K.L.:
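Sharing a structure here in structure tokens format.
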Amino acid sequence: MSAHRKDSGYPTTNSNGSSSSSTNNNNNNQNGDSPTMQTMVQQQQQDAAFAQSMGYVREFRSQAAAYHQLKTEECLVHLQRSIALLGTKVAPHCYAAGPGNVELSKFFVELHALMSSSLDDDGDALWACVSLLQHCSRNLDARQNIVQKYCFVPLLSNLLKRTTRPERVQRLLLLLQDLTYGIRISWEEPYLVVLLEHLVDLVHSVEECDANTTDVDSSHAQLALSILINLCYKNFVVLFLFLRSVNISNFSRRIQNYGLLAYKMLIILTEDVHALEQRELHTFLRTAFAGMEDCLKQWHVPQLRHIVDILLDAQCHPGLHRAMLTHTHFCEDIEKLLNQIEARQQMDDANEDARKHQQYCMQLIFQLIGYVLELSQNNECISLDAIMTRLYELVCNWLDSELCGVSAIELLTSLLRLGKRAAITQLIAREPAQIVELINSAVRHNTKPAQVTATLRLLLTLLNESKTEKLVLSKISDSYFDKILSATLSLLPQMLSAQTLAPTEVEKAIFGLLLLINFASIAKKAYFDKCCTLLELPQLQYALARAMLSGNEQLVSAALQIAQFEHFPKAAVAKYVSSISDNSNANATPTSSNEHADQWHNLSAILKCHRTLIDKEMAQRVNALIESIGETLRRNELHSTPVSQVIELYNHRIDSLNCATHNLQQRLEQASLQLSNITQLTNVQNAELERFQTKNFELLISQERLQTQCKDLKTQATRLKENLSNLLKSMAETSEQLQTNERRLAVKQSEIAGLQKDCEELRNNLSVKSEELSKLEALRKENTTRIEKLKESVNAYELNIKDKLRTIEERSTELAKTHKALEEQREARKKFEDLVSVLETQLQEKKEQIENLESEQREMEDVRKNILSLMESKKPRRKQ
């Protein structure tokens, strides 16, 4: 852990780091095996943690099998408990399944089956599985397996389509955003149509209900747009499907208020919508660097890689490339990134995954700074001279890193080639310890070939500088090149092939040979004969031929520089070049990138021709036919519709279906060709495997024979040692050693003269620094007085803040009481409204009864009047 802190640039004031480093030094002084014991203890602890995690995985599988069989509530509770344990007790790095780990593969397959069909969408168990998947994806290797190997993205897409609760939609969108960074899709998978449609609907939903838009809807739209960018970036199939299914002009207008996300999407769609202005692209660059700062706060590798890839691919976008060439704030933006890195390094990242993410992020930052340095070449608008010293100090802290060491060494080489060269070489000449450590690490067996190659390229650059030339010459001997080229020279000439000699070993051999030739140009007597003998070896001739055909610009240029050597074996290398090209049978790998680029360039032309020339007229015609037929259907006059219109509509539909079937047939033919090529490749590899097995059997037999010969040779070796000691005594008195000693004496004298000059410069610098120190002491006194005043003001502010916090708490309690009273009033209001509605119904019934009674009363009055009139009529009239 302390070694990692040293590599990753942690400050030495950390008590844990200093104590652990001091104990390591003491153990190394007392016992040479103590680092090995420490690594063994760490390995045992890791094995124990991994075994415990596998126990939790097996328990989950057993609970899942029980739930599949029984489907009871008790089994579901046990399953949820097992999922919770996997999310809390097992670290994310334990989910990174190796090539032979069957348990984890079965675990992910069981989890996929459980989430796809067995669990209810509204149940807590399914969303516990989603949380577990999010926990697993924090490890980069596990995340890659989740996306590519176990195909969880289609499952999550279908789940997103079925989910309605906003908080769960938010969780799914966040998980899909994290999983789709850098995703590669090579064919039109069925889930893409539904997913793209749903994501576009989420983006459009914010604008459609602008008055009722909430923060949740806005966040959903932003996440949906981010997922769309991840799916369309560098995925031709998805981008073509997106352009076919979406109105691009409306979509581009809807996303204009989303900042960095809008710029990313418009850059991807720039061939089909209006071209971005330089002002907008400069704003995009500033927001991109601000986004990188946010990524560095959490070591978010996928999102940072996505932003850096867009900037590194700027050459494919002419407008963005021109904007980067004229951007004048690179120095300020990179300085902010350096400040964020230094602030983040103050935190102790004890987690193994966090340390790996940190190194991956540093690798991406180093690549971006190297690209900016390439842009600054012959460009007055871009200059990083103001932060060159900080960049050098940062790079030196990461030279020995396992994951980002190669990028750090390459950035140091770029600083020497393209940066403020005099300042960097002077810093290296003053403190050459790290360069010396790189030189020594290059010949160790555990050093990766890529790191060795980067070190050799750095040494080539340092050898061309006057201040560091002597350093490189003095630290490298003749045997150094034998160790560098040992892997290549150990192969037998008849076993040379692309399988036995890896491309990384080819690069190491070529740059090692180029460094040796540069040494020979400086010290011809010491290294010229060695260069000639090495170039006659078939292993290096084969490596040179492989370098010529590699397609790597730097490797080819190095091979061409070696070809300028006067004793270069042109005929032998040409023979190997022809044999390699015949065996490869003109493989399409060098041209695959060109075909991919042509495919991207042809996309805009295809879409423009298809959309502008055909779609407008055809769409207008089809819409007119549909409207006319629809009107006749609404009027129930289908019999009066012209048959030609129906036939024309069906012909258009048949043509579109024929075009789709033709495209599908072409894709099937391409897939069958790829399948046949893969089967041929597997047959060739199986034949080579059988050949290697027979060779291995022959080597075992020869090994037994050589062991018997070795016993006889040991006795001869003792005799030869005595003769060798006598020969060494005589060789010590020869004239060759005197000549070498004279050359060394001349070199030492020149070094002494250089050191005297450096000593005078250092004395002058000391006087200047002493004056600056006195000024800084005066400033320090002034700053201490200011700090004391600021402390007093801060204390006053703290007291004021405490008083305001008390008042806020009192007001919050009062607000809670008012809310409670308001709820009670609302409930009482509902009760009164119900009572009023009941009374109104009763009043209506009484009113109807009164009207009925009034009508009856009127009828009774009429009857009474009639009766009275009848009675009056029936009375006997008086006689007059």
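What you see is a predicted model, and the numbers here were worked out from it, not measured in a lab.
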K.L.:
With a 4.0 Å cut-off on N to O distance, would you call K781 and E777 a salt bridge?
P.N.:
no
K.L.:
Is there a donor-acceptor contact under 3.5 Å from the side chain of N800 to the main chain of A796?
P.N.:
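A pair under 3.5 Å: no.
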K.L.:
Any ion pair linking E760 and K757 (charged N to carboxylate O, less than 4.0 Å)?
P.N.:
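No salt bridge links K757 with E760.
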K.L.:
Can you tell whether the side chains of K467 and E465 come within less than 4.0 Å, N to carboxylate O?
P.N.:
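No, this pair does not count.
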K.L.:
Checking side chain to side chain contact (heavy atoms under 4.5 Å, CB included) against L175, which of L160, T180, L156 comes through?
P.N.:
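Running side chain to side chain contact (heavy atoms under 4.5 Å, CB included) over L160, T180, L156 with L175 returns exactly one hit, L156.
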K.L.:
Using distance alone, with no hydrogens and no angle criterion, decide if R171 and S131 have a side-chain donor and acceptor under 3.5 Å apart.
P.N.:
yes
K.L.:
Strictly under 6.0 Å, is that where the ring centroids of Y360 and H357 end up?
P.N.:
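Centroid separation for Y360 and H357: 6.0 Å or greater.
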K.L.:
Taking the side chain as every heavy atom from C-beta outward, state whether N339 and R390 have any pair of such atoms under 4.5 Å apart.
P.N.:
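When only atoms from C-beta onward are counted, R390 and N339 do touch, with a gap below 4.5 Å.
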K.L.:
Looking at E431, I'd like to know if its CD atom is crowded, meaning that more than 12 non-hydrogen atoms belonging to other residues, nucleotides or ligands lie closer than 6.0 Å.
P.N.:
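Count not over threshold, so no.
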K.L.:
Could you tell me whether E332 and R286 have a side-chain N and a carboxylate O separated by less than 4.0 Å?
P.N.:
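Judged by the 4.0 Å cut-off on N to carboxylate O distance, E332 and R286 do form a salt bridge.
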K.L.:
Would you compute the distance between atom CG of D313 and atom CD1 of I267 and round it to the nearest 0.5 angstrom?
P.N.:
11.0 Å
K.L.:
Do T287 side-chain atoms and T283 backbone N/O form a donor-acceptor pair below 3.5 Å?
P.N.:
yes
K.L.:
Evaluate the side-chain proximity of S252 to L266: yes if any heavy-atom separation is below 4.5 Å, no if none is.
P.N.:
yes
K.L.:
Given the rule in the side-chain contact (heavy atoms from CB on, under 4.5 Å) test, do Y371 and L311 qualify, once you have shown the distances and angles that lead to the verdict?
P.N.:
CA-CA 9 Å; Y371 181 67; L311 296 181; 5.7 Å; no
K.L.:
Less than 4.5 Å apart, side chain to side chain, heavy atoms only: is that true for Q434 and I428?
P.N.:
no
K.L.:
State whether the side chain of H306 and the backbone N or O of N230 hold a donor-acceptor pair below 3.5 Å, judged by distance alone.
P.N.:
no
K.L.:
Quick check: do F366 and E410 have side-chain heavy atoms less than 4.5 Å from each other?
P.N.:
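Result no, sub-4.5 Å side-chain heavy-atom pair not found.
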K.L.:
Donor-acceptor pair, N379 side chain versus L325 backbone, under 3.5 Å?
P.N.:
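Checking the backbone N and O of L325 against the side chain of N379, a donor-acceptor pair under 3.5 Å is found.
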K.L.:
May I have the step-by-step check of side-chain contact (heavy atoms from CB on, under 4.5 Å) for R168 and W127, ending in yes or no?
P.N.:
CA-CA 8 Å; R168 291 181 174 177; W127 297 100; 3.0 Å; yes
K.L.:
Can you name the closest pair of heavy atoms from G87 and L132 and give their distance?
P.N.:
N-CD1, 3.8 Å
K.L.:
Given 3.5 Å as the limit, does a donor-acceptor pair link the side chain of S401 with the main chain of W398, or not?
P.N.:
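Judged by distance alone, no pair lies under 3.5 Å.
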K.L.:
So, for M292 and V308, which heavy atoms are closest and what is the spacing to 0.1 Å?
P.N.:
SD-CG2, 3.9 Å
K.L.:
Is it the case that the side chains of H327 and D333 hold a donor-acceptor pair, with the cut-off being a distance below 3.5 Å and no angle test?
P.N.:
yes
K.L.:
Any heavy-atom pair between the side chains of L140 and P302 that's under 4.5 Å?
P.N.:
yes
K.L.:
Go through the structure and list residues passing salt bridge (Lys or Arg N to Asp or Glu O under 4.0 Å) with E393, not counting sequence neighbours.
P.N.:
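E393 satisfies salt bridge (Lys or Arg N to Asp or Glu O under 4.0 Å) with no residue once adjacent residues are dropped.
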K.L.:
Counting C-beta onward and ignoring hydrogens, is there a side-chain heavy-atom pair between L86 and Y95 closer than 4.5 Å?
P.N.:
yes
K.L.:
To the nearest 0.5 angstrom, please state how far the CG atom of L337 sits from the CD atom of E342.
P.N.:
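Atom-to-atom, L337:CG and E342:CD are 11.5 Å apart.
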K.L.:
Looking at every heavy atom in both V203 and A221, which two are closest together, and how far apart are they?
P.N.:
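Heavy-atom minimum between the residues: CG2-O, 3.9 Å.
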K.L.:
If we check side chain to side chain contact (heavy atoms under 4.5 Å, CB included) with L202, which of these qualifies: I227, L173, L223?
P.N.:
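Option passing the side chain to side chain contact (heavy atoms under 4.5 Å, CB included) with L202: L173.
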K.L.:
Work out which heavy atom in I382 is nearest to a heavy atom in M324; give both atom names and the distance.
P.N.:
CD1-O, 3.3 Å
K.L.:
Could you tell me which non-hydrogen atom of L418 sits nearest to which non-hydrogen atom of L373, and how far apart they are?
P.N.:
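So the two residues come closest at CD1-O, 3.5 Å.
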K.L.:
We want to know whether D309 and Y181 form a side-chain donor-acceptor pair, criterion being a heavy-atom distance below 3.5 angstrom.
P.N.:
no
K.L.:
Under 3.5 Å, is there a donor-acceptor pair between the side chain of R143 and the main chain of D178?
P.N.:
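A pair under 3.5 Å: yes.
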K.L.:
First locate atom CD of Q303, then atom CG of L296, and finally report the distance between them rounded to the nearest 0.5 Å.
P.N.:
10.5 Å
K.L.:
When you measure from the side chain of T468 to the backbone N and O of L462, does any donor-acceptor pair fall under 3.5 Å?
P.N.:
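Yes, because the side chain of T468 sits within donor-acceptor range (under 3.5 Å) of the backbone of L462.
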K.L.:
Does the distance from a Lys or Arg side-chain N to an Asp or Glu carboxylate O, for E374 and R417, drop under 4.0 Å?
P.N.:
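Salt bridge: yes.
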K.L.:
With heavy-atom distances below 4.5 Å as the criterion, would you say the side chains of Q825 and R829 are in contact?
P.N.:
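Heavy-atom side-chain distance check fails, nothing below 4.5 Å.
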K.L.:
I would like to know whether I310 and F284 meet side-chain contact (heavy atoms from CB on, under 4.5 Å); could you show each step before the answer?
P.N.:
CA-CA 11 Å; I310 290 177; F284 163 70; 3.9 Å; yes
K.L.:
Would you check if H93 and K356 make a side-chain contact, meaning some heavy-atom pair closer than 4.5 Å?
P.N.:
no
K.L.:
Rounded to the nearest 0.5 Å, what separation is found between the CG atom of D141 and the CD1 atom of I146?
P.N.:
11.0 Å
K.L.:
Could you tell me whether the side chains of H282 and T328 share a donor-acceptor contact shorter than 3.5 Å?
P.N.:
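Side-chain D/A pair, H282 to T328: absent.
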K.L.:
Check the pair E823, R826 against salt bridge (Lys or Arg N to Asp or Glu O under 4.0 Å), reporting the backbone distance first and the verdict last.
P.N.:
CA-CA 5 Å; E823 291 295 331; R826 286 177 180 173; 3.4 Å; yes
K.L.:
Quick one: CD on Q359 to OG on S407, what's the gap to the nearest 0.5 Å?
P.N.:
11.0 Å
K.L.:
Start with the C-alpha distance between C331 and I387, add both sets of side-chain angles, then the distance that settles side-chain contact (heavy atoms from CB on, under 4.5 Å), and finish with yes or no.
P.N.:
CA-CA 7 Å; C331 186; I387 57 172; 4.0 Å; yes
K.L.:
Regarding Q170 and S219, is there a side-chain donor-to-acceptor distance under 3.5 Å anywhere?
P.N.:
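A pair is found: one side chain offers a donor N or O, the other an acceptor, under 3.5 Å apart.
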K.L.:
Quick one: side chain to side chain donor-acceptor pair (under 3.5 Å) partners of R165, sequence neighbours excluded?
P.N.:
E167
K.L.:
Between S137 and L179, which heavy-atom pair has the shortest distance, and what is it?
P.N.:
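Closest pair (atom of S137, atom of L179, distance): CB-CD2, 3.9 Å.
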K.L.:
Answer yes or no: does atom CD of Q298 have more than 12 heavy-atom neighbours from other residues, nucleotides or ligands under 6.0 Å?
P.N.:
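Check fails, neighbour count at 12 or below.
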K.L.:
Can you tell me how far apart CG (D294) and NE2 (H300) are? Round to the nearest 0.5 Å.
P.N.:
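Separation between the atoms: 11.0 Å.
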